[in-house]
Amino acid sequence: MSGKYHLFQSPMGWVGLMGTDKGLSRLTIKPTPQEALEELGPGLEGAAHDPDAFPQAQSCLDRYFLGDVKALDTIPLDLTGAPPFFRAAWAACRQIPPGETRSYAWLAAQAGRPRAARAAGQAMARNPLALLIPCHRVIASNGDLRGYGAGGLKVKARLLELEGAATTGPTGKASPG
């Protein structure tokens with residue numbers, strides 16, 4: 001199974017996809033194609049550029065950006081090598097419905113370690129598949145939006161807005177949209 005990658009422009013920025021025949025292993029969203037490519041990481045060295053590699057994933061992402069917030073649910077993922085707690089946290093994150101948010105504490109409890117909110121935060125920080133593992137739906141218990149490595153807090157707020165969830169106000173706290 002050889003790795004492949006592809007870049008395309010979306011309304012949120014440049015999307016980088018990388019994966020294998022099993023599914024996507026990395027997704028990035030960055031302002032420029034170069035940044036998206038760099039963010040794909042070290043696996044890029046052994047991967048072949050193939051614009052036709054992920055037609056289903058690109059189609060689903062296009063539909064998502066046009067407002068079909070459930071379009072991402074069927075994209076296969078390849079999480080080979082991920083630590084067990086991260087896999088559990090990512091699986092729990094994928095269960096958060098579009099347009100809703102949950103706290104890091106909730107995520108930790110769903111992943112089987114209720115006292116591990118910080119570890120859940122680390123799992124989200126190391127999420128290789130932004131959007132597909134929708135860490136933009138995870139917020140602080142007090143309603144604050146926290147970091148979003150796939151494009152920053154503005155992108156996180158825009159994604160939540162796209163899904164009809166709370167958006168950020170000038171204080172950075174979630175407020176009704």
Side-chain angles (χ1 to χ4, degrees), residues 1-66 68-96 98 102 104 107 110-111 119-139 145-160 162-163:
M1 238 181 312
S2 61
K4 301 171 188 171
Y5 73 94
H6 173 53
L7 295 176
F8 68 96
Q9 195 166 16
S10 80
M12 296 290 172
W14 283 87
V15 175
L17 302 175
M18 186 165 51
T20 65
D21 294 336
K22 289 172 61 176
L24 289 181
S25 57
R26 189 102 171 115
L27 183 150
T28 64
I29 305 170
K30 293 293 176 184
T32 69
Q34 186 59 35
E35 288 174 284
L37 202 57
E38 288 170 7
E39 191 71 19
L40 288 176
L44 188 62
E45 289 179 28
H49 178 252
D50 184 353
D52 301 318
F54 310 108
Q56 177 201 3
Q58 185 170 347
S59 172
C60 290
L61 285 158
D62 288 340
R63 290 193 342 257
Y64 174 83
F65 291 127
L66 290 172
D68 180 359
V69 295
K70 294 188 181 257
L72 306 179
D73 296 347
T74 61
I75 297 173
L77 308 182
D78 181 356
L79 300 174
T80 303
F85 178 75
F86 281 20
R87 280 180 184 247
W90 294 338
C93 185
R94 287 195 91 188
Q95 300 307 309
I96 303 170
R102 300 290 187 273
Y104 293 98
L107 194 63
Q110 295 301 304
Q122 286 301 309
M124 295 303 101
R126 289 184 173 78
N127 174 6
L129 291 154
L131 289 181
L132 306 182
I133 299 171
C135 55
H136 61 280
R137 297 178 191 153
V138 182
I139 62 174
L145 295 186
R146 296 285 165 88
Y148 187 60
L153 292 180
K154 286 182 182 179
V155 170
K156 184 172 187 165
R158 285 177 63 199
L159 291 170
L160 289 171
L162 173 76
E163 295 180 357

**Q.** Derivation and outcome, side-chain contact (heavy atoms from CB on, under 4.5 Å), residues Asp21 and Lys4
**A.** CA-CA 9 Å; Asp21 294 336; Lys4 301 171 188 171; 3.8 Å; yes
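Phe54 CZ to Ile75 CD1: the interatomic distance, rounded to the nearest 0.5 Å, is 11.0 Å. We find the CZ-CG distance between Phe8 and Asp62 to be 5.5 Å, quoted to the nearest 0.5 Å. Summarising the geometry, atom OH belonging to Tyr5 is positioned 10.0 Å from atom CG belonging to Asp50; distances are rounded to the nearest 0.5 Å. Rounded to the nearest 0.5 angstrom, Met18 CE and Leu40 CG are separated by 5.0 Å. Interatomic distance, Leu107 CG to Ile139 CD1, rounded to the nearest 0.5 Å: 12.0 Å. The distance from the CG atom of Leu131 to the CZ atom of Phe65 is 5.0 Å, given to the nearest 0.5 Å.
Minimum heavy-atom separation, Ala130 to Leu27: O-CD2, 3.1 Å. In terms of heavy-atom proximity, Asn127 sits nearest to Leu129 at OD1-N, 2.8 Å. Minimum interatomic distance between Leu7 and Gly16 (heavy atoms only, all atoms of both residues): CD2-CA, 3.4 Å. Nearest approach of Trp90 to Ala123, heavy atoms of both residues: NE1-O, 2.8 Å. When every heavy atom of Cys93 is checked against every heavy atom of Cys135, the shortest pair comes out as SG-N, 3.6 Å. Listed here is the closest heavy atom pair of Cys60 and Leu72: O-CD2, 3.7 Å.
Side-chain contact between Tyr64 and Leu159: present, with at least one pair of heavy atoms (C-beta onward) separated by less than 4.5 Å. Contact annotation: the side chain of Pro76 approaches that of Gln56 to within less than 4.5 Å [non-hydrogen atoms, C-beta and beyond]. Residues His6 and Gln58 have side chains in contact (heavy-atom distance under 4.5 Å, counting atoms from C-beta outward).
The pair Arg94-Asp73 does not count as a salt bridge, with every side-chain nitrogen at least 4.0 angstrom from each carboxylate oxygen.
Listed by chain and number, the residues in a salt bridge (Lys or Arg N to Asp or Glu O under 4.0 Å) with Asp68 are Arg63 (sequence neighbours excluded).
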Side chains of residues 81-88: which donor-acceptor pairs under 3.5 Å do they make with residues two or more places apart or in other chains?
unit_1: Arg87; atom_1: NE; unit_2: Ala82; atom_2: O; d: 3.4
unit_1: Arg87; atom_1: NH2; unit_2: Leu79; atom_2: O; d: 2.8

Pair up each side-chain donor or acceptor in residues 32-39 with any protein partner under 3.5 Å, not counting sequence neighbours, and list the distances.
unit_1: Thr32; atom_1: OG1; unit_2: Glu35; atom_2: N; d: 3.0
unit_1: Thr32; atom_1: OG1; unit_2: Glu35; atom_2: OE1; d: 3.0
unit_1: Gln34; atom_1: NE2; unit_2: Glu38; atom_2: OE2; d: 3.0
unit_1: Glu35; atom_1: OE1; unit_2: Thr32; atom_2: N; d: 3.4

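Under the side chain to side chain donor-acceptor pair (under 3.5 Å) rule, His136 has a single partner from Glu163, Arg158, Lys156, which is Glu163.
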